[in-house]
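One structure is given below, encoded as structure tokens.
Treat the numbers as computed from the prediction; the structure is a model and nothing was measured.
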Amino acid sequence: MTESSANKQVNGYACHRTSNGRKASKNGFVKNHCLFQQPQKYRRPREKNQNVTHNSSLYKKPFVESFEETPLLVAVLTYMGYGILTIFGYLRDFLRHWNIEKCHVAREREEQKDFVPLYQDFENFYTRNLYMRIRDNWNRPICSVPGAKMDLVERVSPNYNWTFEHTGKVVKDVINMGSYNYLGFAENVGTCADAAVQATQMYGAGVGSTRCEIGNLDIHEEMEQLVARFLGVESAMAFGMGFATNSMNIPALTGKGCLILSDELNHASLVLGARLSGSTIRVFKHNNMQSLEKLLRDAIVHGQPRTHRPWKKILIVVEGIYSMEGSVVRLPEVIALKKRYKAYLYLDEAHSIGALGPNGRGVVDYFGLDPKDVDIMMGTFTKSFGAAGGYIGGKKELIDYLRHHSHSAMYATSMSPPVAQQIITSMKIIMGEDGTTLGADRLRQLSENTTYFRRKLRDMGFIIYGNDDSPVVPLMLYMPAKIGAFGREMLKRNIGTVVVGFPATPIIESRARFCVSAAHTREMLDTALEAISEVGDLLQLKYSRREQLLSSLE
């Protein structure tokens with residue numbers, strides 16, 4: 001779930017004025033979150049809810065994020081669109097109730113009407129009447145490696161997206177702008193693929209046991225030692241599933257009497273892990289250090305509810321890159337607060353490891369910080385490494401504790417050997433230990449592609465979110481009808497994209513999310529940008545007033 005525009009009032013946003021000196025309407029402002037002071041004419045006076053202290057001395061380079069507010073007219077039309085869909089949804093439900101229209105969705109039998117409902121009414125309503133209209137944009141079957149280009153199986157629906165049938169045709173060479181293939185290691189040829197084949201021939205495809213029984217291979221221990229060296233920590237531990245790395249390890253670290261301070265945009269795996277732990281959970285506004293510090297102060301002053309005893313542990317949980325916003329955590333300030341209030345820090349680098357930093361070591365490397373300042377470093381191998389699973393790194397005592405107390409470590413089957421070998425080979429390439437500059441070249445190419453793609457989208461007039469260095473690029477669609485239309489029109493132009501709407505985002509912040517890869521050539525990006533521009537013109541998506549506002553200030 002992403003935050004609403006009202007919650008994005010973070011100190012440092014620049015609010016531009018029109019050329020005649022009058023303040024433009026609130027909606028349509030360009031809000032640039034920059035930790036370095038800009039000329040006064042580009043900034044508005046501080047508001048009461050914008051008094052977050054910016055410790056620019058903690059940053060070694062500018063940190064810029066932009067979240068342009070939803071234009072008022074677009075917001076009104078979006079609400080109207082959802083309202084019209086809801087009205088027609090109730091009308092169709094009325095027709096289904098009297099068997100005038102066939103209902104395909106699962107529901108209780110008539111003889112079960114006195115039972116407690118198995119399905120929530122609104123959840124079913126949304127699925128029946130809104131989600132089904134655009135369902136064809138998701139779960140598209142792929143029949144190739146999801147690299148820079150991919151092949152899709154063509155499918156059609158004879159009943160308005162309730163069911164799908166394959167036509168037998170394949171859509172070839174679709175430019176993949178949706179996979180988390182940041183460094184381009186999702187490939188079936190080359191060094192990584194050859195090493196994975198050799199590992200399969202030596203160990204087989206599966207292990208058939210847990211690590212603590214007969215499933216602990218030498219390749220697993222080699223991988224963990226390499227991960228620890230890559231992260232710059234004492235020890236590391238790998239898991240077969242990225243989602244379970246969070247959801248099964250947080251309960252092993254905290255419990256009753258502990259406090260978890262969680263960013264409001266944290267991933268579902270972090271939220272689930274926090275809930276399973278039994279700890280008290282308090283949520284702070286996204287990247288808002290004032291909100292976080294207030295919660296830390298209250299926790300120290302008041303302690304636990306009712307008893308007011310000190311908390312056993314206070315754990316701050318944040319992500320490196322937030323995958324729906326393209327936002328980068330303000331890690332230097334988080335670490336400063338963590339040290340000041342003697343809390344622990346859990347950093348999820350699922351999207352930032354390999355994708356940020358001069359050496360590809362994630363958000364810690366990006367800010368030039370000491371890895372020892374982060375107590376628990378978590379990440380996944382599913383994105384930049386083209387593999388599967390996750391890891392946790394930190395002090396040796398922490399990792400030894402998790403080996404004996406984590407459910408994912410004790411009960412889950414070991415990581416597949418070819419997957420482990422894929423991780424080892426790709427990580428050595430990133431580190432330059434393969435004797436080539438391929439890793440450094442991919443890191444540089446990803447950075448250049450990200451900068452180019454974001455700049456071009458802004459120049460076209462689209463509203464995009466996030467940090468300038470984030471390879472996750474959300475492009476705002478807003479209106480419900482444009483969610484499905486954008487995905488379909490892009491596929492017609494051989495561009496594969498991911499579109500996201502409510503309830504995964506706020507109701508007026510539907511978006512298309514692009515993931516830039518080092519495997520994308522400039523020609524591929526230009527082709528994608530041309531298609532985005534065409535579809536943007538067709539669907540009237542170029543809402544941004546950024547260029548007009550900036551030009552009026554010059």
Tell me whether Arg454 contacts the main-chain N or O of Ser470 through its side chain, where contact means a donor paired with an acceptor under 3.5 Å.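 Yes, Arg454 side chain to Ser470 backbone: donor-acceptor pair under 3.5 Å.
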For the pair Asp365 (side chain) and Asn359 (backbone), establish whether a donor and an acceptor sit closer than 3.5 Å, ignoring hydrogens and angles.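 Side chain of Asp365 to backbone of Asn359, a donor-acceptor pair under 3.5 Å: yes, one is there.
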Looking at [Y] and [X], is any side-chain nitrogen of the basic one under 4.0 Å from a carboxylate oxygen of the acidic one?
X: Glu534; Y: Lys492; result: no
X: Glu222; Y: Lys428; result: yes
X: Lys456; Y: Asp459; result: no

Side chain to side chain contact (heavy atoms under 4.5 Å, CB included) between Met427 and Glu433, intermediate numbers included: CA-CA 9 Å; Met427 193 170 290; Glu433 294 186 2; over 6 Å; no
Can you tell me how far apart [atom1] ([X]) and [atom2] ([Y]) are? Round to the nearest 0.5 Å.
X: Phe385; Y: Ile429; atom1: CZ; atom2: CD1; value: 11.5 Å
X: Ile532; Y: Phe453; atom1: CD1; atom2: CZ; value: 4.0 Å
X: Ile464; Y: Arg511; atom1: CD1; atom2: CZ; value: 12.0 Å
X: Met378; Y: Leu231; atom1: CE; atom2: CG; value: 11.5 Å
X: Asp136; Y: Leu491; atom1: CG; atom2: CG; value: 9.5 Å
X: Ile335; Y: Leu331; atom1: CD1; atom2: CG; value: 4.0 Å

Show the numbers, then the answer: is there a side chain to side chain contact (heavy atoms under 4.5 Å, CB included) between Ile392 and Ile376? CA-CA 7 Å; Ile392 284 185; Ile376 304 105; 3.8 Å; yes
Report yes if some heavy atom in the side chain of [X] is under 4.5 Å from a heavy atom in the side chain of [Y]; otherwise report no.
X: Thr191; Y: Leu438; value: no
X: Met177; Y: Met490; value: no
X: Met248; Y: Leu276; value: yes
X: Asn287; Y: Ser327; value: yes
X: Asn216; Y: Ser414; value: no
X: Asn266; Y: Asp348; value: no
X: Phe284; Y: Asp263; value: yes
X: Glu319; Y: His286; value: no

Cation-pi check, Arg135 onto Phe164 ring (under 6.0 Å, within 45° of axis):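 Not flagged: Arg135 not positioned over aromatic ring of Phe164.
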Give a yes or no on this: more than 12 heavy atoms of other residues, nucleotides or ligands lie within 6.0 Å of atom [atom1] of [X].
X: His166; atom1: NE2; value: yes
X: Lys542; atom1: NZ; value: yes
X: Arg488; atom1: CZ; value: yes

Hey, what's the ring geometry for Tyr131 with Trp138, parallel, tilted or perpendicular (30° and 60° as the breaks)?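 Tyr131 and Trp138: parallel rings.
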Students often mix this up, so state it plainly: with edges at 30° and 60°, are the rings of Phe381 and Tyr391 parallel, tilted or perpendicular?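 Tilted.
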One pair to check against side-chain hydrogen bond (donor to acceptor under 3.5 Å, both in side chains): Gln421 and Thr425. What are the steps and the verdict? CA-CA 6 Å; Gln421 185 60 58; Thr425 308; 3.0 Å; yes
Trace of the side chain to side chain contact (heavy atoms under 4.5 Å, CB included) decision for Thr127 with Met132: CA-CA 6 Å; Thr127 301; Met132 281 298 167; 4.2 Å; yes
Check: Asn159/Ser157 side-chain N/O donor and acceptor closer than 3.5 Å: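 The criterion, which ignores hydrogens and geometry beyond distance, is satisfied for Ser157 and Asn159.
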Exercise: do Asp441 and Gln445 side chains pair donor with acceptor under 3.5 Å: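 Absent: no donor and acceptor within the cut-off.
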One pair to check against side chain to side chain contact (heavy atoms under 4.5 Å, CB included): Leu272 and Asn246. What are the steps and the verdict? CA-CA 8 Å; Leu272 178 60; Asn246 280 329; over 6 Å; no
Walk me through it: do Tyr452 and Asp526 pass the test side-chain hydrogen bond (donor to acceptor under 3.5 Å, both in side chains)? CA-CA 10 Å; Tyr452 178 77; Asp526 286 338; 2.4 Å; yes
Can you name the nearest heavy-atom pair linking Ile353 to Thr380, along with the distance?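 Of all heavy-atom pairs spanning Ile353 and Thr380, the closest is CG2-O, 3.8 Å.
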